[in-house]
Q: 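Mind looking over this structure? Questions follow.
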Amino acid sequence: MAAKLLDKVEIPKDRYEMRLSGSGGQGMILAAVIMSEAIGGADERNVVQSQSYGPEARGGASKADVVVSENEIYYPKAMNLDLLLAMTQESLDSYYPNLKEGGTLIIDTTLVTDVPTDNYFGLPFTQLAREKVGIIMVANVIALAAIAELTGVVTREALTKAVLGRAPRGTEDKNRKALEIGFEEAAKIKK
Amino acid sequence: MAAKLLDKVEIPKDRYEMRLSGSGGQGMILAAVIMSEAIGGADERNVVQSQSYGPEARGGASKADVVVSENEIYYPKAMNLDLLLAMTQESLDSYYPNLKEGGTLIIDTTLVTDVPTDNYFGLPFTQLAREKVGIIMVANVIALAAIAELTGVVTREALTKAVLGRAPRGTEDKNRKALEIGFEEAAKIKK
Amino acid sequence: MPARERKLLQGNQACVHGAIYAGMRFFAGYPITPSTEVAEMSARLLPRIGGRFIQMEDEIGSIAAVVGASISGLKSMTATSGPGYSLMLENIGYAYMTETPCVIVNVQRGGPSTGLPTKVSQSDTMQARYGPHGDYCAIAVAPSTVADTVTETIRAFNLAERFRTPVTVLLDEVIAHSRELIYLPEEGELEIYNRVKPTASPEEFEAFALTPNGVSPMPSYGEGYRYNVTGLTHDTHGFTTNRVDEIPVKLEKLRHKIADYTDEIEKIRVEHMDDAEVAIIAYGSAARAALQATDIARKVGAKVGAVQLYSIWPFPDAKLKELCGRCKKVIVAELNMGQLITEIERIMPDKQITTLQRYDGEILTPLQVVKKIEEVL
Amino acid sequence: MPARERKLLQGNQACVHGAIYAGMRFFAGYPITPSTEVAEMSARLLPRIGGRFIQMEDEIGSIAAVVGASISGLKSMTATSGPGYSLMLENIGYAYMTETPCVIVNVQRGGPSTGLPTKVSQSDTMQARYGPHGDYCAIAVAPSTVADTVTETIRAFNLAERFRTPVTVLLDEVIAHSRELIYLPEEGELEIYNRVKPTASPEEFEAFALTPNGVSPMPSYGEGYRYNVTGLTHDTHGFTTNRVDEIPVKLEKLRHKIADYTDEIEKIRVEHMDDAEVAIIAYGSAARAALQATDIARKVGAKVGAVQLYSIWPFPDAKLKELCGRCKKVIVAELNMGQLITEIERIMPDKQITTLQRYDGEILTPLQVVKKIEEVL
Amino acid sequence: MTDADTTGKPGPQSKYDYSKGPAPLEINMTWCKACNICIALCPKQVLEPDRNGKPVQARPENCTQCTLCWIHCPDFAITSNYK
Amino acid sequence: MTDADTTGKPGPQSKYDYSKGPAPLEINMTWCKACNICIALCPKQVLEPDRNGKPVQARPENCTQCTLCWIHCPDFAITSNYK
Amino acid sequence: MATAEKAKQKSDVTLHYLRPGKKFPSVWCPGCGNGVVMGSLIRAIDNLGLSKDEVVLVSGIGCSSRLPVYLDFNSLHTTHGRALPFATGAKFAQPHMKVIVITGDGDALAIGGNHFIHACRRNIDITAILINNHIYGMTGGQGSPTTPGGTFSTTTPYGNVEKHFDPCSLAAAAGATFVARSTVYHEPQLQKLIGQAISHRGFSLVEAISNCHTYFGRLNRKGDAVAMFDAFKERAVPVGKASKMTEEELEDKIVTGVIHNVEKTEFCDEYQKVVDAHMGEK
Amino acid sequence: MATAEKAKQKSDVTLHYLRPGKKFPSVWCPGCGNGVVMGSLIRAIDNLGLSKDEVVLVSGIGCSSRLPVYLDFNSLHTTHGRALPFATGAKFAQPHMKVIVITGDGDALAIGGNHFIHACRRNIDITAILINNHIYGMTGGQGSPTTPGGTFSTTTPYGNVEKHFDPCSLAAAAGATFVARSTVYHEPQLQKLIGQAISHRGFSLVEAISNCHTYFGRLNRKGDAVAMFDAFKERAVPVGKASKMTEEELEDKIVTGVIHNVEKTEFCDEYQKVVDAHMGEK
Ligand SMILES: Cc1ncc(C[n+]2csc(CCOP(=O)(O)OP(=O)(O)O)c2C)c(N)n1
Ligand SMILES: Cc1ncc(C[n+]2csc(CCOP(=O)(O)OP(=O)(O)O)c2C)c(N)n1
Ligand code: SF4
Ligand code: SF4
Ligand code: SF4
Ligand code: SF4
Ligand code: SF4
Ligand code: SF4
Ligand SMILES: [Mg+2]
Ligand SMILES: [Mg+2]
């Protein structure tokens, strides 16, 4: 039996693992925090959110993971991504290999040009943010809304509450707008 | 056998253990150093010299030990004194119990009044220093000379050389004088 | 009953919540990655509850202020990482010698030296035991989740107060920086231990009295007990002693008040050990990989169990031996070049012990552990 | 041949003579009892040979200056006692990480904390191994006489240069302050090891190159090799790395360059072990009591032998096991509450191990040891 | 990518046609971090940000080689192009 | 031991007979370490060393209670004897 | 005889502050100035009418740092150089306590130099009494940061090649708000300055120039305690007079009196304002 | 075109001192003043015509302390706060080397404060360039000993209740013999002062006021790098002019130029005299 252990084992199915990736200024960590709080506000699921720290976080690439499970989450890091959000080409290239077979890939078509699969959802988050909300900074919120809509990992209500809970005073409307756009645009491309 | 070990053991006979004791200002440590150097200058015997350190050395009682052996000296501290020099009553009282049966006791009769045995050598080192040399500070040198004379642990020549080797410039004569007095007075009482 | 609020907190932040719950009212620290958020959160929260935060000039000053504040009367804590912990050792020894309760959080990062400031490690495990000069009897607890961090920090304070001694919380970068959704304990939910205060009159008061359990009652400043505290070896009144009959009394008091009550300190989690042939022993974030791997391997029939240590020091010799009693093989999984394993080797010479080490700045993955299980089985 | 001069020296003074013989030309230190005479003697002797002495503002600065001077190009040493050694740990780790040869003398006194400044102890034994944060592979040598102190200090320098690593000399108050008549080695009498200098051109020079024995050649400042030294985990060029493929390379280099060559470090003295039923294991001034006791007990027929460790770290596992191979019983005699014994327990689980501890500020007496032999036999 | 993006020199897309002499500056676009300092400190408005925020030589003819841009560039991304 | 040795008061052996009033000072001979400071600083030469170097009140009648001796005694061995 | 009565009372007062149970006399060498400073401190505290319970004496390691154990206050004998951060913790935890630090030139300025300047900077309400004997007494006569250039110690056997700190200037530059100096010869002044320092709100330093005849005196042929007291007398110049003297004239002089005295907000007070403003916030 | 040629040469010079093999650009945030100081340092060294081999750059830990690794000198990146004692060892071991320390306000004045004042006191021939950005950059924006009262950092979330050091006054009081200040905006002056400092025999300090817009700027609404450069320009007052201004007028100003410059014997030189006098003695 022993010799075959590794071949037989399966990554536990009770975990849902997301990675939000992009470049330093795109607010991926904040997005992961909001996603975690949205899930936490909604039900009793457990969440572990983590990211890579260090000087590389200044500028450069940025990634933030969220692991969700109804059971105790032993291993805190992602093992096999159920969902990958890639806001830049670089992040897609880096992390696509970690996406599990059949996992959900969501990309920002504003900046990502080269996708190694046909099985993905693409929306121009940054462009939508700039053009429809007027500030590029909410691209991450639009992406969150799209994730919610496309995967059902969290409800619209829960996400909205979480986003507004973190929105700096005076930015509530822009964030609400961003959410709407995200939900709508995603609904359009939902299969 | 085991049970009897402690009863049978003997303190090794190849060691000669001296303790020079007195009060802080009497130069016991220096005396022990000189004695050690005298022995070292004379032949191949091994010497370990030690003393108690610490705030108690400021003022208070002072003791300095010299262990001599032709063999390697394992244990560096005195186990069973072959010789005790006591320059004060307090030091005699403290260390007399450590003197082995038949060990040599030498006291400064200037300051020691109460001796718990008849088997000792007494000379008024401090008084001799004051009256015959003019400085009390050489009492320790007189005592060293007496030890040499009374025990033969070191030759007159070797001791003289060692004393002069340590004597501050300008004090050579006084030290020579002190030695002479020590040798002479001790010779008088030698049994 | 209203639903309790869940909070998304980093381990470092949870640590502060736990500390405050336990009664911390004083924090002194010096920033260092990956512990800095402990200081930052303390700076933010303490004024709101009338507590005090001070950023000191360095780690030596931090632990000194913590000890001073604890003796003065407040439950106190500091947090740092390896380099800072190294600097604190002299004064941790002072806290030990003077029997001053306090908590030191060490968020472990890659060493040696400046090493890998933003990467995880468990390479300060042995330092927590043997770091300070002189004979030292360490207490160290080790959470592995954000929720644990709350409860173990509380436990650290309770142990510090119970035993009048410094207690180390061994965190690591992964726990420190991961965010998890947790419930904070409500008032009254968890037991809080406070140092025993003297009942004797100031005249009769003996500062380091030999009590049945070795712990002497401890007054605060201003309560009328004016006693002497010193890091020199001292007698039961707190006065320096050089006497061969008094020195061992003090040293034995320090040791036995802890070593004789290890059952109050030990905490071990056991999963699937009933019929396990192989036990994986681990703590902290390495334990999370071990638990995950155990779960995975069990699903495919491997007779493996996991033993997670929540208290590292005093090393739970007897309890651990008992728990691993049946299995012949032990894997010690740790994020260093082999530290815990020396203890395991010492206490379980009869077992086949395998080491699983990772020291490249990342945590062990469950699959690495499974692979090792496969090798061993 | 003229008779060689014998000198009456304290252990602390002998240490300086040994160091200078080994090539020490730089000493930085901060006074602390019972090590101070090492600094004082260095202050006196170094200018006479063109060397340099500096009294730093504290122990942290002392070890820092020592490391700086060593990298600059001089063989360097510092001396301290427990509290100072605790403070030096961060920078000892830095010396280890940067592969800087240097010697740290720890004259052990009673701990913990300020403890017993003028009294003997061996309670920093484990600290020498596990004191610094991070994985650390310590070298520590331990003389027991004034004459040993000369040779072991020389050996410490040789090991430091040979392995490019900090080396600790574990002295204790008794050796440090006892005076013994010794012969100093004459020029050329003992082998002196100097760090290997690079032969590659500056352009080709790779500062922390992976050589067959793990030790990279080391230039001095001003020799044309301008490389980077950092306490961050670094690659073979000395540049910081966070890469999982490079980090273990560095850590393993640090470990294996020492751990794979322990035979060059180990030094053990054995007396009467041929037919011994009981072995007494000890080091430093405790070993002197053990040797004396062995001698005494042998004279009355007890089958006892003495094993004296001159190198404590890396712990001479295999050699020690071999030497004690025949005897079933082992007494570990030490001036602390039980430190070496944990190592002995680990490596000799098959033997009946007894501890003989003294921690009241005095050294064990031969009779105490004999008594223990009697109990065990 | 256009020339301007990688060299910092005025490229064909620049609305300012540069033809009166050699480009006054050499700009290392790989090292440049788009901090804006050179652009802000240039007393002659020689520089303007490209779409990544990195400087292009918009008004090269104005450059007096006053040194301000390059002595303040934290990333040594600007050197003089004068031969 | 004479009275002077243990109390610091002028004793019968003192060549200065003291009879004009109470002794001006109380000297704790157990605490006194014979440092000589009081003797040297007394502006009125009230004190002289005994054979152990500890102060005896040799000229007690001169004492003005000026405080100098006791505020400078490092061992709190002198107090005023005035009632 | 009112003066005499007062004298008696004053001469006795020290005894009322000695710690019960602690063996006297002190460990100090005969004539060591540490004892004089101890007397000054007691008299200053007594004059201020502080209760014994509200006083915390904190010290590091050194001969001077042995002082607190002899007195019947809360006493905290810490590690070498670290008295000030321990004191900072004790004070900040209970800001109504009077926290007084006793420290030596080595303790405060060598190993403890960083804590010294930072305590000054914070202007925390602690009084530091720095007993400056220009040497490490406890460890047997090594050079300290106040050992003058050219002088001898066991670690400067050929004369000190380093320069020395002026603790008062350093403290003032670092932010201390009350800085004063006197000597053990000038006990009445010393006592007065200590009293002023304790009363001052903010960080105060009193540098007490003292004699270590055992080491500094012996190694530099400065004679015994009495000779060193005499030298202090000779070398002292009141700060007022000093301000009119040239640098050369001041060479080797000891400037005594209040050197620096300014008002600034105090650390604990400022922190309390933050607490008052944010208490109860969620 | 002579000026232009010179300009080119000068603009290029930095590149000749960059370390081969080290990846560029630096780890620093876009616009971080550390890079400006690096340029000043290179130009100063180049002007002095020092050989690369004789220069040792020593630093502690912090963003600023990352500087040496980029340059092709002997570089020693030590532990936090300890650059100066490492440098002291390196210098004293080989006194002919030019030892330059790069340090931050936290590195030099918080954890390293003791070494700072002692290096000053010894007047050892080391040049320290203190890049003062008023915050801990590396660890993410905590208060430092130069963080002004009232300002925000992650550890002073309600405004800093502590006072700050003036590194220049502290250095002068501690014994430094050359002390100067400039800002990253005033690069030409900064460069010149660094050159003077290196040429000075004895301990020299150059305080380079720099921008950490990422933390200090952001937390205190001081804008980006450019805005902070502008503020340095506004706030700078040359030391000559400053001497005629009142304390109130100088509030919030940055006094630039040579603040303190005296001649004193240098530590290594003095030690060499001892060696010369006693060399060969038995
Ligand atoms: C960490 C540490 N380093 C060194 C020492 C040794 N030590 C004890 S006291 C002292 C110097 C004391 O000098 P100072 O503060 O001037 O006090 P003094 O004895 O002169 O009153 C030193 C170096 C110590 N106890 N702890
Ligand atoms: C012993 C130790 N304590 C703390 C740290 C964490 N640390 C690294 S850099 C730093 C502060 C740096 O501030 P500063 O010197 O001002 O440099 P900057 O990053 O602002 O340039 C701190 C606290 C450390 N590395 N080592
Ligand atoms: S050199 Fe001067 S004028 Fe030319 S671009 Fe640079 S800043 Fe502008
Ligand atoms: S100053 Fe340098 S880094 Fe900044 S934008 Fe200009 S060229 Fe780029
Ligand atoms: S001053 Fe005090 S200790 Fe000194 S001699 Fe006088 S009474 Fe004795
Ligand atoms: S009180 Fe004054 S006059 Fe009287 S003995 Fe003392 S010093 Fe002399
Ligand atoms: S050694 Fe010096 S400082 Fe210490 S007690 Fe003696 S005289 Fe005082
Ligand atoms: S964090 Fe601040 S100091 Fe560090 S690189 Fe960024 S701007 Fe510079
Ligand atoms: Mg002193
Ligand atoms: Mg800074």
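Proteins get letters first, then strands, A, B, ... in listed order; numbering begins at 1 in each.
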Q: By the definition side-chain contact (heavy atoms from CB on, under 4.5 Å), identify the one residue from Thr342(D), Asp124(D), Thr125(D) that meets it with Tyr130(C).
A: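 Going through Thr342(D), Asp124(D), Thr125(D) one by one, the side-chain contact (heavy atoms from CB on, under 4.5 Å) with Tyr130(C) is satisfied by Thr342(D) alone.
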Q: Which residues satisfy the side chain to side chain contact (heavy atoms under 4.5 Å, CB included) test with Lys372(C), sequence neighbours excluded?
A: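 Testing Lys372(C) for side chain to side chain contact (heavy atoms under 4.5 Å, CB included), a comparison that skips the adjacent residues, returns Ile331(C), Thr354(C), Leu356(C), Glu375(C), Val376(C).
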Q: With only heavy atoms counted, which part of Glu252(D) is less than 4.5 Å from chain C, the side chain, the backbone, both or neither?
A: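 Glu252(D) touches chain C through backbone and side-chain heavy atoms alike.
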Q: Which pair of non-hydrogen atoms, one from Pro83(D) and one from His133(C), has the smallest distance, and what is that distance?
A: CA-CE1, 3.4 Å
Q: Side-chain contact, heavy-atom cut-off 4.5 Å: Asp135(C) with Gln339(D)?
A: yes
Q: Count the heavy-atom pairs under 4.5 Å between each of Thr241(C), Leu251(C), Val249(C), Asp245(C) and chain D, then report the option with the highest count.
A: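 Most heavy-atom pairs within the cutoff with chain D belong to Leu251(C).
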Q: Take a 6.0 Å sphere around NZ of Lys371(D) and say whether it holds more than 12 heavy atoms from other residues, nucleotides or ligands.
A: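 No, the 6.0 Å shell around NZ holds no more than 12 heavy atoms from other groups.
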Q: For the residue pair Arg255(C) and Met337(D), what are the closest heavy atoms and their distance?
A: NH1-O, 3.6 Å
Q: Is a side-chain donor-acceptor pair under 3.5 Å present for Tyr85(C) with Glu90(D)?
A: no
Q: Give the member of Cys137(D), Gly93(D), Gly231(D) that has the highest number of heavy-atom pairs under 4.5 Å with chain C.
A: Gly231(D)
Q: Rounded at 0.5 Å granularity, tell me how far CD in Glu246(D) sits from CG in Asp360(C).
A: 12.0 Å
Q: With a 4.5 angstrom heavy-atom cut-off, could you sort out which part of Glu343(C) is near chain D: side chain, backbone, both or neither?
A: neither
Q: Looking at Leu89(D), Asn106(D), Leu232(D), Ile60(D), which one has more heavy-atom pairs under 4.5 Å with chain C than the rest?
A: Leu232(D)
Q: Might you point out which heavy atoms bring Pro349(C) and Pro349(D) nearest each other, and give the distance in Å?
A: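 Minimum heavy-atom contact is CB-CB, 3.3 Å.
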Q: Can you confirm whether the side chains of Gln127(D) and Tyr136(C) place a donor and an acceptor under 3.5 Å from each other?
A: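 Note: Gln127(D) and Tyr136(C) side chains miss the donor-acceptor criterion.
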Q: Name the option with the most non-hydrogen atom pairs under 4.5 Å to chain C; the candidates are Asn91(D), Thr230(D), Leu87(D), Ile347(D).
A: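 Maximum pair count with chain C is reached by Leu87(D).
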Q: If contact means a heavy atom pair closer than 4.5 Å, which residues of residues 108-117 of chain D contact chain C?
A: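 Checking residues 108-117 of chain D against chain C gives Gly111(D), Pro112(D), Ser113(D), Thr114(D), Gly115(D), Leu116(D), Pro117(D).
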Q: Relative to chain D, which segment of Leu254(C) carries a heavy atom at a distance below 4.5 Å: side chain, backbone, both, or neither?
A: side chain
